[in-house]
Amino acid sequence: MRSANHINPTLRLVLGDQLNGSHSWFSTVDEDVIYVLMEVQSEATYTRHHIQKILAFFAAMRAFANELRLLGHQVHYIQYDDPQNQHSFEGNIRFLIDEFNVGRIEYQYPDEYRLDQEFKRFSQLFGIPVEVVDSEHFLTTRSEWSTFFKGHSSPLMERFYRHMRVKFRILIDSQNQPFFGQWNLDKDNREKIPVNHVPIAPLVFDNDVSDIHDMTVNMEIPSIGSVDPTRFIWPINRTQALQLLDFFVQNCLPLFGRFEDAMTVNSWSVYHSRLSFALNVKLLTPLEVVDCAIQHWENHQADISPNQLEGFVRQIIGWREYMRGVYWSQMPGYAGLNALNNHRKLPNWFWTGETKMNCMKFAIQQSLQFAYAHHIQRLMVTGNFALLAGIHPDEVDQWYLGIYIDAIEWVEITNTRGMSQYADGGLIATKPYVSSANYIDKMSDYCSTCFYAKSKKTGERACPLNSLYWGFLDRHRNIFEGQFRMKMMYSTLNKMNETQRNALFDQANWYLKHIETL
Ligand code: FAD
Ligand code: DLZ
């Protein structure tokens, strides 16, 4: 308890994705500081979240609050069903200012533009001093990406990644040259899962979050997906996050790069780390994850080839930081981009997985079941279909923002609207990520048990991806035909005779017209 002399405490706001116990805020216990965490409607309903995402955030926030209390910090936690909950950051802070006679507010930079704008108004709204501090999580500042690429017309991730390797001395020798003689070992990756190889079962937790689940039901929080709240699988505290990291380096890292792009009906996560939630809510830092992987590789070089490690490091210090840089340099305009002028609605089966396309069925059903799909499922299955079908990027964004456990706008929108949907006109992706059944079959075992025939382009049971693929190329000829990386595809399309091309486009149009029945 605070002593009676301390009448104007400082309120420090901790958001649901700011669960960073190593933050300098927590290095000393101060009786004049009250930490506040709040479960609010504004966050729980800005999109229709997966139930597991809501539970993961609330459970992790509650666990973090308890850890702070155990360390001696004063914590005020507002539960969703608290009758005094005002259900917005502004409303609750206003209430607490009166309740505790707060003299000052401090917050960490939020990761989302929406909240950044809202919090900038705090000092004007509340009329007391407000200070904002760094969240002490990322390896780059919000503006570093723009500074790095100033004057460059094409901000290539690879260039940024090399800069990060040198800056943080990660897998770099004394001459600033990359270990293994190359920066990027991707050419050794991208293998399909061999027949009879079943990937390791993922480490899942057994958290009982029934009380929180009951509350979400009672409070009628809208959600999608399913859950067993008595055996909640995601890490909800730092100990579990570290266990997941340890499991990854021990069991998945040896095959991470090799099977990074592979998909199989036998596994929902293959050899991926599933660390994105723990990273995004800051239970883990990017540097500790990368250091742990490197250290493990150093001690097990006979079992872990360099391409497995390099691929993983690139995702974290490369792609993750790069996407954050794009987000802060391009928002708010980015959220309205629609370079391909797409307008179709997402078919309803995106919310049920009830489609005859096996690849889509598996990717969507596991997303509903686990709030997770790995990168290639997101990019080359669901993302590919949405792009080929010309779905409006707003629709696609809302789906991705809701369904995944790790979906926070800064990393969701850049991956979805940018990398996957080409809505930014090629700022992130140097070509549209589209494919016919050929790619899906090359990287997965989905096609062999599919209702549709992977090799058929037209006629009954022809895989919809085939005609949609050529239809997409034809529809956007003016944008892509001149692009070097698309040359081969257009050359194939141009070599077809008119009858073949028309049959393909008719088939594509028929599928688009009957999209709900696919
Ligand atoms: P792993 O494959 O094990 O990779 C390790 C880590 O690298 C991830 O945990 C993540 O932190 C980072 N990483 C890998 N790829 C990317 C990337 N493209 N961008 C940023 N970080 C990356 N990631 C999110 O964290 N939140 C999202 O909302 C999100 N939405 C996506 C939407 C689409 C359409 C696509 C194509 C990708 C999206 N990603 C998103 C990126 C990536 O798919 C996920 O980070 C990854 O699948 C998470 O699983 P994992 O932890 O097993 O990753
Ligand atoms: C995702 C989420 C949800 C569902 N609920 C809350 C919440 O009630 N309170 C909170 O502080 N944060 C929540 N979050 C995470 C926020 O949406 C996230 O902090 C912002 O998007 C900023 O990145």
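Scope of the values below: all heavy atoms of this structure, side chains included, with no hydrogens, waters or symmetry mates.
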### Task
Taking atom types as modelled, find out whether Y433 and Q421 have a side-chain donor-acceptor pair closer than 3.5 angstrom.
no

### Message
Under a plain distance cut-off of 3.5 Å, with no hydrogens placed, do D30 and Q74 share a side-chain donor-acceptor pair?
### Response
no

### Query
Between Q308 and E260, is any side-chain donor less than 3.5 angstrom from a side-chain acceptor?
no

### Task
Using distance alone, with no hydrogens and no angle criterion, decide if Q52 and W234 have a side-chain donor and acceptor under 3.5 Å apart.
yes

### Message
Is it true that Q84 and E99 share a donor-acceptor pair across their side chains at a distance under 3.5 Å?
### Response
no

### Message
Against R324, only a single residue in L139, D111, V411 fulfils side-chain contact (heavy atoms from CB on, under 4.5 Å); can you say which?
### Response
D111

### Query
Given the side-chain rings of Y372 and H272, with only the six-membered ring counted for Trp, is the space between their centroids under 6.0 Å?
no

### Task
Give a yes-or-no answer on whether the side chains of N85 and N92 include a donor-acceptor pair shorter than 3.5 Å.
yes

### Message
Just so I know, are the side chains of D116 and W328 near enough to count as touching, which here means a heavy-atom distance under 4.5 Å?
### Response
yes

### Query
Is the charged tip of R378 near the ring of Y400: under 6.0 Å from the six-membered ring centre and within 45° of its axis?
no

### Task
Any chance you could measure C359, atom SG, to F385, atom CZ, to the nearest 0.5 Å?
9.5 Å

### Message
Under the criterion side chain to side chain contact (heavy atoms under 4.5 Å, CB included), I'd like the reasoning laid out for V14 against W25: C-alpha separation, chi angles, the key distance, then a yes or no.
### Response
CA-CA 10 Å; V14 180; W25 265 1; 4.1 Å; yes

### Query
Between Y107 and F119, does the ring centre distance come in under 6.0 Å?
yes

### Task
Is it possible for you to check whether R274 lies under 6.0 Å from the centre of the six-membered ring of F248, through NZ or CZ, and within 45° of that ring's axis?
no

### Task
Give me the ring orientation class for Y322 and W145: parallel if the planes are under 30° apart, tilted from 30 to 60°, perpendicular past 60°.
perpendicular

#### Entry: Salt-bridge contact E118-R114 (side-chain N to carboxylate O under 4.0 Å)
no

### R417 NZ/CZ over Y334 ring centroid, <6.0 Å and within 45° of normal
no

### Query
Does a side chain donor of either R62 or N237 reach within less than 3.5 Å of an acceptor in the other side chain?
no

#### Entry: Test: D406 and K53 ion pair at under 4.0 Å
no

### Message
Between the side chains of R238 and E288, is the shortest nitrogen-to-carboxylate-oxygen separation below 4.0 Å, so that they form an ion pair?
### Response
yes

### Message
Testing the 3.5 Å rule here: is there a donor-acceptor pair between the side chains of T264 and D445?
### Response
yes

### Query
In a check of ring pair (Phe, Tyr, Trp, His ring centres under 6.0 Å) between F64 and each of Y77, Y35, F57, F26, which one passes?
F26

